**Student:** 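One structure coming up, written as C-alpha cells, with questions to follow.
Read the numbers this way: they start at 1 and go in the same order the structure lists the ligands and their atoms. Values below: all heavy atoms of this structure, side chains included; hydrogens, waters and symmetry mates excluded. Keep in mind the model is a prediction, meaning the values are calculated, not measured.
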Amino acid sequence: MSKHIQAVRGMNDILPQETPYWRLLEDTARRVFEAYSLEEIRLPIVEKTDLFKRTIGEVTDIVEKEMYTFEDRNGDSLTLRPEGTAGCVRGCIENGLTHNQIQRLWYKGPMFRHERPQKGRYRQFHQIGVEFFGLAGPDIDAELIMMTARLWRELGLQNLQLQLNTLGSAEARIAYRDKLVAYMEENQDQLDEDSQRRLNSNPLRILDSKNPAMQQLIVDAPNLLEHLDDESKQDFDQLCALLDAAGINYEINPRLVRGLDYYNKTVFEWVTDQLGAQGTVCAGGRFDGLVGQLGGRDTPALGFAMGIERLVSLLQDQVELAVDAAPHVYLVMAGDGTTQAGLMLAERLRDIDTRLRIRSNSGGGSFKVQFKRADKSGAQLALILGEEEIARECVTVKDLRQDAEQKSIDWDELGSYLQNHLNLN
Ligand code: ATP
Ligand code: MG
C-alpha cells in the first residue's frame, strides 16, 4: 500500500507555473464576453440526477457511463455536473430569467465525467461556457461564433478550424433518421457494439462514433444536409453568409452531430490538429427545445462550451507568457525591534501600492542567511532594516541583480522611490 494518499485518477492539480495560463484564458474570455454584453452566472456543481437524464439524453455516453452519481444522506440521487448547459437552463427557468426575457450568459467551472483519462481528457476538467436565451437567430448564431473567433485572436491562438453543420428541425431529423436507420441496417455487419445498440435508440449518435473502424461507413452514410426543412436551410445559408462577411473560415461537416441530444439547427466545433486525438477545444450550437423540455415556456437558445485544459495546452505551446511572479523586494530584518518595525513598514508600502510585491523575511536568521533567501526569491531589491536603520527611520536598498551602490532611503520616501525604480504592473 502506498504511504501517500494520491489524487483521484483523472483529477489534476493545477500548479503555480500553470495558473498564469489559466488566468490568461479566463481573464481574456471575460473581457471578450463583456465586449459582447454578456453577464456571468454561477451555478451549483451538484444537481439532481434526473436533470441530466432529461436534458443530455439517456442514450448518450455521458448518461450511460460517465456520470459521477451518488446518493446523499437523504437518499436523493445527485450527480456532479458533467456539463453546464443543463444546470444553466434549470437555473434560468427556476429564477424566471427566461420568461419573456433575453439572456446572454457565461459561466466557468469544473465538470466531471468518468472517462478514460489521457492527454486532453480528464475526469475533472474545466469549461468556460456561454448560453443565450430568447434569440432565434441566425444573426445571433453568427455573432456567437464571431465572439469565439475574437477570443482566439485576442489570445494569439493559431491553427484552429471551425467546423459547421445544421441538424435541421426536430421533424426533419425524424425523417432523416429513418433513412439513416435503413442504411445502417443494410450494413449491420459493420457496426460496432455501441452502434448496434444505438441503431434502435439513438441512431444519429452513430455518426458521432470515434471508432476508426466505423469511419468509412459514416462517410458513406446519407447526408443530413440533403434532408433539411426549408427554414433550417435558409437559416444555415444566412449563417454562412454572415460568417463569410466577417471573414471567418469554416468547413461544413455533415457528420458533425455533437454528443448531446438536445441540439437542433446550428452546431459547430473549433478543432485543432495540434492536440492529438483530443482536438475539439470548443463546441456548441442551438438547442431551441431544451427550455420547453424542462418545463419552461418555449424559448430559443444556443451556446457553447470550451475545454480549458485543451486551450491551456495550446497556449503553452503557442504563446510566450512573460510570467514574473517573483517579489520585487525582499525585506531583510535583523536586530532588536526590527521584526515589528519591518512588518509595519511593509504594510505601509502595500498601503501605498498593492502592485508592489514584497516578501518579508520570515523565521529570522543572520544577514547572510537572509541575503541567500533574498537572492533565491528572485527579488530585484533587498531592503535592509537593522537597528541603525530603525534609529534613522530609513532602510538600506541593495540591488540584487546589478552592480550599484547601496542607498539609504527614508521610510517616508520609500514608497515613491520603489514606484519609480521598479517596473510595476
Ligand atoms: P469529446 O468529443 O472530445 O469527448 P464532447 O463532445 O464530449 O467532447 P462537450 O460535451 O461538447 O464535449 O464539451 C465541450 C468541450 O469540453 C470539448 O470540446 C472539450 O474541449 C472539453 N471536454 C469535454 N470532455 C472533456 C474531458 N473529459 N476532459 C477535458 N476536456 C473535455
Ligand atoms: Mg465526450
**Student:** In terms of atom number and element, which parts of ligand 1 are under 4.0 angstrom from non-hydrogen atoms of A283?
**Tutor:**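 Every atom of ligand 1 under 4.0 Å from some heavy atom of A283: 11 (O).
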**Student:** For atom 3 (O) of ligand 1, tell me which residue out of R121, M111, E115 has the closest non-hydrogen atom.
**Tutor:**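 The option holding the nearest heavy atom is R121.
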**Student:** Can you figure out which of F304, W270, F125 has its heavy atom closest to atom 30 (N) of ligand 1?
**Tutor:**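 Looking at heavy atoms only, F125 sits closest to atom 30 (N) of ligand 1.
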**Student:** When you check the gap from the basic side-chain N to the acidic O, do R104 and E39 get nearer than 4.0 Å?
**Tutor:**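 Salt bridge absent between R104 and E39.
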**Student:** Strictly under 4.0 Å, does any heavy atom of K210 approach an atom of ligand 1?
**Tutor:**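 Contact present.
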**Student:** Is there side-chain contact between V281 and L157, with heavy atoms separated by less than 4.5 Å?
**Tutor:**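 They are not in side-chain contact.
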**Student:** With respect to E269, determine whether any N or O atom, backbone or side chain, lies less than 3.5 Å from an N or O atom of ligand 1.
**Tutor:**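 Looking only at distances, the answer is no, because the N/O contact criterion of under 3.5 Å is not met.
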**Student:** Does anything in residues 137-188 form a ring-ring contact (aromatic ring centres under 6.0 Å, His included)? List the pairs, not counting sequence neighbours.
**Tutor:**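 Listed by first then second residue: W152-W270, Y176-H227.
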**Student:** With a cut-off of 4.0 Å, which atoms of ligand 1 are near a heavy atom of V281?
**Tutor:**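 The list of qualifying atoms is 20 (O).
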**Student:** Sequence neighbours left out, cut at 3.5 Å: what donor-acceptor pairs do the side chains of residues 284-296 make with other protein atoms?
**Tutor:**
unit_1, atom_1, unit_2, atom_2, d
R286, NE, D141, OD2, 3.0
R286, NH1, L135, O, 3.1
R286, NH1, D288, OD1, 2.8
R286, NH2, L135, O, 3.1
R286, NH2, A136, O, 3.2
R286, NH2, D141, OD1, 2.7
D288, OD1, A301, N, 3.1
D288, OD2, N264, ND2, 3.1
Q293, NE2, R54, O, 2.5

**Student:** Should E309 be counted as touching ligand 1, given the test is an N or O pair under 3.5 Å?
**Tutor:**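 No, since none of the N or O atoms of E309 sits under 3.5 Å from an N or O of ligand 1.
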**Student:** Provide the number and element of each atom of ligand 1 under 4.0 Å from a heavy atom of T280.
**Tutor:**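 Within the 4.0 Å cut-off of T280, ligand 1 contributes 17 (C), 18 (O), 19 (C), 20 (O).
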**Student:** With respect to atom 12 (O) of ligand 1, which of H114, R113, Q127 exhibits the smallest heavy-atom separation?
**Tutor:**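 Ranked by closest heavy atom to atom 12 (O) of ligand 1, first place is R113.
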**Student:** Rounded to the nearest 0.5 Å, how far apart are CD1 of I145 and CG of L302?
**Tutor:**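 Going from CD1 on I145 over to CG on L302, the span is 9.0 Å.
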**Student:** Is there a side-chain contact between E47 and L78 in this structure, where contact means two heavy atoms from C-beta onward sitting under 4.5 Å apart?
**Tutor:**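 When only atoms from C-beta onward are counted, L78 and E47 do not touch, as no gap falls below 4.5 Å.
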**Student:** In plain terms, say whether R30 and E34 are close enough for a salt bridge, that is, a side-chain N and a carboxylate O under 4.0 Å apart.
**Tutor:**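 Between E34 and R30 there is a salt bridge, with a charged N closer than 4.0 Å to a carboxylate O.
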